[in-house]
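Contents: one structure, followed by commentary.
Atom set for the values below is all heavy atoms of this structure, side chains included, hydrogens, waters and symmetry mates excluded.
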Amino acid sequence: PAVPITLDGAPISAGALRAGQLAVVDAGGNGTALSARQVEIRQEVSGPVESVGTDGRLRVAGQPVQISAATFGDRRPVVGQWVAVSGLRGPDGVVQATRLDLRAPGDVLVRGRAAVVGGNLRIGNLTLRPGQPSEASGFVTATGRYRAGVLTDAQLAPDPLATDPAAAFPATTRRILVESYAVAGQGGLRLGPGPLLPGLPGLGAAAPERAIVEFERRPGGGFLATSLRREGPGPAGGAAPVRGGIGEGAGRYPGQGLATGRGSQPAPVPRGMPREAGGHGRGSPSGAAPLDGARTDRRLPPGGDPPGQPAVAPPVAGGRGPPAPR
């Protein structure tokens, strides 16, 4: 009960947690005895529905959003309604919705890569008009008032989780577990729409696949992707961890730590993770790896909770988030 929980910075109660939400969970401890210290719920986009396709594709505040049968919440929004979307961005920039909830009109929130296109600062098809002069680019969180495809008086803030995970996490963090759409690259791994990150050889596939990726801190202070577990959908969903061998140059990062680590995304908690209904109990996920001082990005598990009902991930001890089963 004492664990602080926030939704995009605003305090909420544990009873407001829902299956399909994306969470950054700070937890710590050893082995299976882990305790949550803080939970942050993140939305990828929150704003008006501008179009609805027959294939489940929406445009919300200029962002492409894909709804599937696995999406929790309100799966049949109509143009003009306002919605809050939790989800993972794929390499193509499309938000694969894990939860969608109706909301009242008000300020718009969009997370994504801001870039200057045709003289305008944009995230996807959303034009940003900053309230103050800004040269912000890269991955940001943008909030403001929405008018005809433009975010006016936009407040822009760097998104450290997406732009520089190493800097976003405390120096004591030993492991980070991130769920994203991963694809193998030359000498590394790419998460979502972000750049190439250092990783052991053999991690990832040639096509994007939804997976939980484990990063471990190296002696030099940066993080290295050391294992990958495919979550699906895909031909290898639910497979055991895949590890690569230590290759030449492993453990070295360009720049400082994960300064180029853009595109990291919060990760859903795997199905079957034990939890206690109605609050943060003392969960002890079997087979979990030690996570001393770790911060883990997780999504609350979809299995076992009907849409609209509270879903509470098991507590973890000393870093952020419940560990993924190994």
Let me check something: do V79 and L102 share a hydrophobic cluster, defined by ILVMFWY side-chain heavy atoms less than 4.5 Å apart, either directly or through other members?
yes

Mind checking whether V24 and L197 sit in one hydrophobic cluster, side chains of I, L, V, M, F, W, Y counted as touching below 4.5 Å?
yes

Applying side-chain hydrogen bond (donor to acceptor under 3.5 Å, both in side chains), name anything that partners R76, two or more places apart in sequence or on another chain.
none

Compare every heavy atom of A211 with every heavy atom of R230, then report the nearest pair and how far apart it is.
CA-CB, 4.0 Å

P91 and Y181 have their tightest heavy-atom pair at CD-CB, 3.9 Å

Donor-acceptor contact present, side-chain R99 to main-chain A19, <3.5 Å:
yes

Compare all side-chain heavy atoms of S86 with those of F72 and state whether any distance is below 4.5 angstrom.
no

Reported CZ-to-OG1 distance for the pair F215 and T173, which is rounded to 0.5 angstrom:
13.5 Å

Supply the atom-to-atom distance E209 CD to L228 CG, rounded to the nearest 0.5 angstrom.
5.5 Å

Applying side chain to side chain donor-acceptor pair (under 3.5 Å), which residue pairs with at least one partner in residues 184-201 are found, sequence neighbours left out?
none

Minimum heavy-atom distance V183-A206, with the two atoms named:
CG2-O, 3.2 Å

Find out whether L224 and E216 are in side-chain contact, i.e. whether some heavy atom of one side chain is under 4.5 Å from a heavy atom of the other.
no

Verify the cluster assignment for I5 and L7: are they in a single hydrophobic cluster under the rule of side-chain heavy atoms below 4.5 Å apart?
yes

Got a second to check how far E231's CD is from I212's CD1, nearest 0.5 Å?
4.0 Å

Show which side-chain atoms of residues 104-111 pair as donor or acceptor with protein atoms under 3.5 Å away, not counting sequence neighbours.
from, atom 1, to, atom 2, distance (Å)
D107, OD1, R145, NH1, 3.1
R111, NE, T141, OG1, 3.2
R111, NH1, D8, OD1, 3.0
R111, NH1, Q43, O, 2.5
R111, NH2, D8, OD1, 3.3

Quick check for you: to the nearest 0.5 Å, what is the distance between L128 atom CG and D153 atom CG?
12.0 Å

How long is the span from the CD atom in Q66 to the CG atom in D92, to the nearest 0.5 Å?
9.5 Å

Give the minimum heavy-atom separation between L22 and G87, together with the two atoms involved.
CD1-O, 2.9 Å

Under a 4.5 Å cut-off applied to non-hydrogen side-chain atoms, are T226 and R175 in contact?
no

Results of side-chain hydrogen bond (donor to acceptor under 3.5 Å, both in side chains) for S68 - residues two or more places apart only
none

Sorted by chain and residue number, the side-chain contact (heavy atoms from CB on, under 4.5 Å) partners of P77 (sequence neighbours excluded) come out as V49, L58, I67, Q81, V83, L100

Worked verdict on V85 versus Q63 for side-chain contact (heavy atoms from CB on, under 4.5 Å):
CA-CA 10 Å; V85 181; Q63 311 306 300; over 6 Å; no

Are any non-hydrogen side-chain atoms of L151 and I123 less than 4.5 angstrom apart?
no

Check whether any side-chain heavy atom of V60 sits under 4.5 Å from a side-chain heavy atom of V95, and report yes or no.
no

Please tell me if the side chains of V117 and T127 come closer than 4.5 Å, counting only heavy atoms from C-beta onward.
no

How would you list, by chain and number, every residue that makes a side-chain hydrogen bond (donor to acceptor under 3.5 Å, both in side chains) with S46, sequence neighbours excluded?
R103

If hydrophobic clusters are built from ILVMFWY residues whose side chains come within less than 4.5 Å, do V45 and W82 share one?
yes

In Å and rounded to the nearest 0.5 Å, what is the CD to OG1 distance from E40 to T6?
5.0 Å

Contacts of R122 meeting salt bridge (Lys or Arg N to Asp or Glu O under 4.0 Å) (sequence neighbours excluded), chain-then-number -> none

Taking only residues two or more places apart in sequence or in another chain, which ones pass salt bridge (Lys or Arg N to Asp or Glu O under 4.0 Å) with D74?
none

Heavy-atom closest pair (L126 atom, G149 atom, distance to 0.1 Å) is CD1-O, 3.7 Å

Sorted by chain and residue number, the side-chain hydrogen bond (donor to acceptor under 3.5 Å, both in side chains) partners of N120 (sequence neighbours excluded) come out as R129

When every non-hydrogen atom of G20 is compared with those of T98, the smallest separation belongs to O-OG1, 2.7 Å

Side chains of V78 and V52 in contact at under 4.5 Å (non-hydrogen atoms):
no

